[in-house]
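Here is the structure we will look at, set down as structure tokens.
Being a predicted model, the structure only gives us computed values, none of them experimental.
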Amino acid sequence: MPVPGAVRDSVLSERSVRFTKEQIAAYAQASGDHNPIHLDDDFARSVGLPGLIAHGMLQMGLMGVVAAEAAGGPDKLTRLYCRFAGMVLPGDTVTFTAEPAGPGKLELRAVNQMGEAVLTKSSADFNQ
């Protein structure tokens, strides 16, 4: 029986997302962030990147979805924090997780398919 205000899954909430150029372009359109490092492989390489990279805010938004699911709904979240720590390229799969870290707190993680953190120092607070 669910407990009102409790973390949805007392062990772990998780979602894996494979990033695509189309998804990144759609986010650029929706967000208005048309920085060419997110849209043009040649430009991104010209500034020292391995190719176009996903927006950090796209990653944070996906992390927010996982945090909201763990907290019992988006209306429960009061704070979401992360540090952008690694690049996400098209074809990368990032696993976003949320685990209870005390009353009204979640520890969040975002790790790519190689086990490298792409978002760090990540947490959420929520109303129980």
N/O donor to acceptor pairs below 3.5 angstrom from side-chain atoms of residues 110-123, sequence neighbours left out:
residue: N112; atom: OD1; partner: M114; partner atom: N; Å: 2.9
residue: N112; atom: OD1; partner: G115; partner atom: N; Å: 3.2
residue: N112; atom: OD1; partner: E116; partner atom: N; Å: 2.9
residue: N112; atom: ND2; partner: E116; partner atom: OE1; Å: 3.0
residue: Q113; atom: OE1; partner: T93; partner atom: N; Å: 2.9
residue: Q113; atom: NE2; partner: D92; partner atom: OD1; Å: 2.9
residue: T120; atom: OG1; partner: R83; partner atom: NH1; Å: 3.2
residue: S122; atom: OG; partner: T120; partner atom: O; Å: 3.0
residue: S123; atom: OG; partner: R79; partner atom: NH1; Å: 3.3

Please tell me if the side chains of M57 and D33 come closer than 4.5 Å, counting only heavy atoms from C-beta onward. no
Which heavy atom of L39 sits nearest a heavy atom of A25, and at what distance? CD2-CA, 3.8 Å
So among L58, L89, I53, which one has a side-chain contact (heavy atoms from CB on, under 4.5 Å) with F19? L58
Could you label the plane-to-plane angle of the H55 and H38 rings as parallel, tilted or perpendicular, counting under 30° as parallel and over 60° as perpendicular? parallel
Going from CG on L62 to OG on S16, what distance comes out if it is rounded to the nearest 0.5 angstrom? 11.0 Å
Which heavy atom of A101 sits nearest to which heavy atom of L106, and what is that distance? CB-C, 4.1 Å
So, for D42 and R45, which heavy atoms are closest and what is the spacing to 0.1 Å? OD1-NH2, 3.2 Å
Looking at side-chain heavy atoms only, is the closest gap between Q128 and K76 below 4.5 Å? no
Any link between F43 and Y27 through a network of hydrophobic side chains (Ile, Leu, Val, Met, Phe, Trp, Tyr) touching at under 4.5 Å? no
Is there a side-chain contact between V66 and E14, using heavy atoms and a 4.5 Å cut-off? no
Nearest heavy-atom neighbours spanning I37 and A44: O-CB, 4.0 Å
Return yes when atom CD of Q29 has more than 12 non-hydrogen atoms of other residues, nucleotides or ligands closer than 6.0 Å, and no otherwise. no
Any donor-acceptor pair under 3.5 Å from T78 side chain to D125 backbone: yes
Might you point out which heavy atoms bring L77 and G64 nearest each other, and give the distance in Å? CD1-O, 3.9 Å
What one should report as the nearest heavy-atom pair of C82 and M63 is CB-SD, 4.3 Å
So does E107 pair up with K105, basic N to acidic O under 4.0 Å? no
Side chains of I24 and P90 in contact at under 4.5 Å (non-hydrogen atoms): yes
Going by heavy atoms in the side chains, are R18 and V94 under 4.5 Å from each other? no
L108 vs F96, test: side-chain contact (heavy atoms from CB on, under 4.5 Å). Steps then yes/no. CA-CA 7 Å; L108 308 173; F96 299 91; over 6 Å; no
Could you please spell out the steps behind the side-chain contact (heavy atoms from CB on, under 4.5 Å) verdict for D41 and K21? CA-CA 10 Å; D41 276 317; K21 286 184 178 183; 2.6 Å; yes
